[in-house]
Peer 1: 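Following this message is one structure expressed as structure tokens.
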Amino acid sequence: MNVLVDTDAWLRAIGGGLLIGSAAGLMIIFNGRIAGVSGVLGGLVLDRSTGERRWRTMFLGGMVIGAAALTAFATSLPVPQLQTGWLGMAAAGLIVGYGTRMSSGCTSGHGVCGIARLSMRSILATITFMAFGVLTVYLIRHLIGGPA
């Protein structure tokens, strides 16, 4: 059995994980906040009375600017292959948004920050996210007949 090891993919994954972990650590050290993207976005959009709009805008703007800078300066990046159209993406976004509101957080908040703090709620939420992700891929690829 041949096992192909894509060294560049591993290095990108490790680099991305280090950057995400560093950002989450800096956020809690300097701001005392969990770096949950859905919570930051939800607070920016829905809660206008907190007076926290500036840091929330800077946090989310930094994510957009960082991605744009990486795209502009990186020599080779994997090209995402979308398997659905805009309607499918909008439906997926709404489902993810609904799920993050139900679980009081998203994968970044629960998976990165919550597990690092040994939060049982976050551990269970992340297990649920992963289980439903695996189930969704299985249903789409093997039962519905989507892309392999």
Side-chain angles (χ1 to χ4, degrees), residues 8-147:
D8 289 342
W10 278 98
L11 291 175
R12 284 191 300 265
I14 290 170
L18 288 172
L19 288 173
I20 291 170
S22 298
L26 291 173
M27 178 86 162
I28 199 152
I29 288 170
F30 290 112
N31 201 13
R33 301 288 182 154
I34 301 295
V37 177
S38 63
V40 173
L41 178 62
L44 181 66
V45 173
L46 301 175
D47 189 3
R48 298 182 185 272
S49 64
T50 60
E52 298 182 341
R53 298 183 63 77
R54 183 174 176 204
W55 76 263
R56 291 177 190 273
T57 303
M58 290 174 59
F59 181 87
L60 295 171
M63 291 177 64
V64 173
I65 291 169
L70 179 64
T71 302
F73 295 114
T75 55
S76 66
L77 292 173
V79 177
Q81 301 293 321
L82 300 178
Q83 304 294 326
T84 185
W86 288 105
L87 185 61
M89 289 181 59
L94 288 172
I95 291 169
V96 169
Y98 182 73
T100 59
R101 293 304 286 182
M102 281 181 54
S103 64
S104 299
C106 60
T107 52
S108 60
H110 286 297
V112 176
C113 301
I115 289 178
R117 296 180 318 135
L118 301 177
S119 164
M120 186 53 67
R121 183 179 80 143
S122 293
I123 292 169
L124 292 175
T126 304
I127 289 171
T128 304
F129 296 153
M130 297 300 292
F132 275 91
V134 169
L135 178 64
T136 301
V137 169
Y138 178 79
L139 289 174
I140 290 175
R141 289 190 176 177
H142 299 289
L143 296 181
I144 297 174

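Residues: numbered from 1 along the sequence shown.
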Peer 1: Is there a side-chain contact (heavy atoms from CB on, under 4.5 Å) between Val37 and Leu60 once you walk through the steps?
Peer 2: CA-CA 8 Å; Val37 177; Leu60 295 171; 4.1 Å; yes
Peer 1: For residues Gly97 and Thr100, report the shortest heavy-atom separation together with the two atoms involved.
Peer 2: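 Distance-wise, the nearest heavy atoms are O-OG1, 2.8 Å.
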Peer 1: Tell me whether the count of non-hydrogen atoms from other residues, nucleotides or ligands lying under 6.0 Å of CG in Leu87 goes above 12.
Peer 2: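 No, CG of Leu87 has 12 or fewer neighbouring heavy atoms, counting only those of other groups under 6.0 Å.
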Peer 1: Of all the heavy-atom pairs spanning Gly114 and Ser122, show the shortest one and how long it is.
Peer 2: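 Scanning both residues, the minimum pair turns out to be CA-OG, 3.3 Å.
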Peer 1: Check Cys106 against Gly36 and note the closest heavy-atom contact, atom names and distance.
Peer 2: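 That closest heavy-atom pairing would be SG-C, 4.4 Å.
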Peer 1: How are the rings of Trp55 and Phe59 set relative to one another: parallel (under 30°), tilted (30 to 60°) or perpendicular (over 60°)?
Peer 2: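 Correct class here is perpendicular.
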Peer 1: Using 0.5 Å steps for rounding, measure from the OG1 atom of Thr128 to the CD1 atom of Ile123.
Peer 2: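 That separation rounds to 11.5 Å.
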Peer 1: Taking all heavy atoms of Arg101 and all of Gly42, pick out the closest pair and write down the distance.
Peer 2: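 Scanning both residues, the minimum pair turns out to be NH1-CA, 4.4 Å.
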Peer 1: Once rounded to the nearest 0.5 Å, what's the spacing between atom CZ of Phe132 and atom CD1 of Ile127?
Peer 2: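 It comes to 13.0 Å.
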Peer 1: To the nearest 0.5 angstrom, please state how far the CG atom of Leu124 sits from the OG atom of Ser103.
Peer 2: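 Leu124 CG to Ser103 OG: 11.5 Å, rounded to 0.5 Å.
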Peer 1: Taking all non-hydrogen atoms of both residues into account, name the closest pair between Arg56 and Leu44 and its distance.
Peer 2: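 Heavy atoms only, the tightest pair is CD-N, 3.6 Å.
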Peer 1: In the structure I gave you, are the side-chain heavy atoms of Leu41 and Met63 within less than 4.5 Å of one another anywhere?
Peer 2: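 Sidechains of Met63 and Leu41: no contact.
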Peer 1: Working to the nearest 0.5 angstrom, can you tell me the gap between Arg117 CZ and Ile34 CD1?
Peer 2: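 Atom-to-atom, Arg117:CZ and Ile34:CD1 are 4.0 Å apart.
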Peer 1: Would you mind telling me which of Thr136, Leu143, Val137 makes a side-chain contact (heavy atoms from CB on, under 4.5 Å) with Ile140?
Peer 2: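 Among the candidates, only Thr136 passes.
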Peer 1: Is there side-chain contact between Cys113 and Met27, with at least one heavy-atom pair below 4.5 Å?
Peer 2: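 With C-beta onward as the side chain, the pair stays apart.
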Peer 1: Any side-chain heavy atom of Thr126 sitting closer than 4.5 Å to one from Thr107?
Peer 2: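 Thr126 does not reach Thr107 side chain to side chain.
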